[in-house]
Protein chains: 2
Amino acid sequence: MTEIQDKYELILSSSRKLIEEIGFSALTMDKVAQKAGIAKGTVYLYFKDKDDLLEKVLSSGFEKMFERIKTRVGNESGAFNKLKSLINENIKHIYENRYFFKTIFLDEVNVVFLKKKSKESYNLRRKRYTDYIAGIIKSGMESGEFKNDLNYSKSAYMLVSLIKTGAIYNFLNGMFDLTSDMIEKDTEEILNLFMRGISVK
Amino acid sequence: MTEIQDKYELILSSSRKLIEEIGFSALTMDKVAQKAGIAKGTVYLYFKDKDDLLEKVLSSGFEKMFERIKTRVGNESGAFNKLKSLINENIKHIYENRYFFKTIFLDEVNVVFLKKKSKESYNLRRKRYTDYIAGIIKSGMESGEFKNDLNYSKSAYMLVSLIKTGAIYNFLNGMFDLTSDMIEKDTEEILNLFMRGISVK
DNA sequence: CATTATAATGACTTAATAGTCATAATTCAA
DNA sequence: TTGAATTATGACTATTAAGTCATTATAATG
């Protein structure tokens, strides 16, 4: 019984290591088996198919993260402190598992279906855009409109992310056909968050 | 010559439509040819390979977006107004091309390599997490710590996005092994942006 | 030790799809 | 008009990788 559990965990951890090394797109069941030092057929004794395996890899990682965050946040009182702890614990988790998250994040960011060369040009284009925004933020810092201690490059990156995240949020909530009013409202919402944040005063 | 350009554009737009309809992962060269009403070999006369085609689809879309944003922003003066216009124009572009962006965004968010069932559970897990954070923000609104007009669900989504984006930013800039000091600094930076934004006062 | 049950194997089958190329259709130039 | 140049075709090849299953090895039982 523990033996079975061990092999299950062995396949999970081998997959995880492989993902860290070669990414999702290059992951094959043959490689998983080889990495775990077992036959391919054995993998199918513990996981229904490749999709099932990947799903289990992701969910086990998520559960671990969620548990540690809830534990940490449970010790805090007040929303501000809870959030502060949450951010801190989340970031810590990410960096403690940075090889895994690097792949998760960069695979997403780089648009996984592209090959190396195209990923590079994709990233270069995005950089041109964030550099452009960073220039605007820098000028705002110099003119005194914006705080003078900002990392303007990173702030630009954040803004692009907020814009994108806002749209994803809408799509996921069935808000697909926006009126121009809703577009204006969204613009104000993001602008407000980026300029003033969510805190009172 | 215009004929060649027409066919080139035909393949591009057909690919784009296909991506909107079936997503990146299901796109095949056979389907592209069929959609364009030409033979597969013809596609290879205008694009080196599949990767080249996808790259051109993405870059042409990006160039259009970038151009319109630069034009719009160029009419504004002052960083605040420029940024406001930029956000607005970017969002407009996204929604005018919403079928395309829906696929781009959701493919990224849903982790493209998973099949439908696993994508659903992946999304459910993320929702559990954002709901959890939303609850904290809601309590902060009720206690008067946070602004009372927030969409706490969306704000939670934004926070998760900021955390993730911060990490991606670091990775892309070679900051892979963070000291605990840097982790604290990152925590403060994100917390500050989310609570107070980048604006002075 | 013998027999049954469980676990593991990896060669093989199947399916999908990227990319090719000999042939055909069309366009162009003299 | 005609022959060369260009463009288009789609059947075919090659590759990759998921998933299967008859066979073998190992463990449990009495």
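Numbers restart at 1 for each chain; the letters A, B, ... are given by sequence-line order, proteins then strands.
Taking a cutoff of 4.0 Å between a charged side-chain nitrogen and a carboxylate oxygen, A:E21 and A:K35 qualify as a salt bridge.
Remark: side-chain polar atoms of A:N97 are paired, donor with acceptor, to backbone N or O of A:H93 under 3.5 angstrom.
Checked against the 6.0 Å centroid criterion, the rings of A:Y152 and A:F146 do not qualify as a close aromatic pair. Side-chain rings of A:F47 and A:Y8 approach one another, their centers coming within less than 6.0 Å.
Using a 4.0 Å cut-off, some side-chain N or O of A:Y46 falls inside it from OP1 or OP2 of C:dA8.
Closest to the side chain of B:K40, from the set D:dA11, C:dA7, D:dT9, is D:dA11. When distances run from any side-chain atom of B:L45 to the nucleotides D:dA8, C:dT9, D:dT20, the shortest one goes to D:dA8. Checking C:dG19, D:dT9, D:dA18 against every side-chain atom of B:I38, the shortest atom distance belongs to D:dT9.
A distance of 6.5 Å separates CG of A:L159 from CG of A:L162, quoted to the nearest 0.5 Å.
Distance B:K7 NZ to D:dT7 C1': 8 Å, rounded to the nearest Å. Taking atom CD of A:Q34 as the reference point, atom P of D:dT16 lies 15 Å away to the nearest angstrom. As rounded to whole Å, 14 Å separates atom C1' of C:dT17 from atom CG of B:L54. With rounding to whole Å, A:F47 atom CZ is found 16 Å from C:dA8 atom C1'. Put simply, CG on B:D30 is 11 Å from P on D:dA11, counting in whole angstrom units. Atom-to-atom, NZ of B:K31 to C1' of C:dA18 comes out at 14 Å; the value is rounded to the nearest Å. When rounded to the nearest whole Å, the span between CG of B:D49 and P of C:dT17 equals 17 Å. In this structure, CE of B:M29 is placed 16 Å from P of D:dG10, rounded to the nearest angstrom.
Among the protein residues, B:L53 comes within range of no part of the nucleic acid, since none of its heavy atoms lies under 4.0 Å from any strand. As judged by a 4.0 angstrom heavy-atom cut-off over every strand, A:T28 is placed among residues touching the sugar-phosphate backbone only.
Along DNA chain D, the nucleotide nearest to A:L27 and the one nearest to B:G41 differ in position, and the one closer to the 5' end is contacted by B:G41.
Put simply, the side chain of B:K50 and the base of C:dG19 share no donor and acceptor less than 3.5 Å apart.
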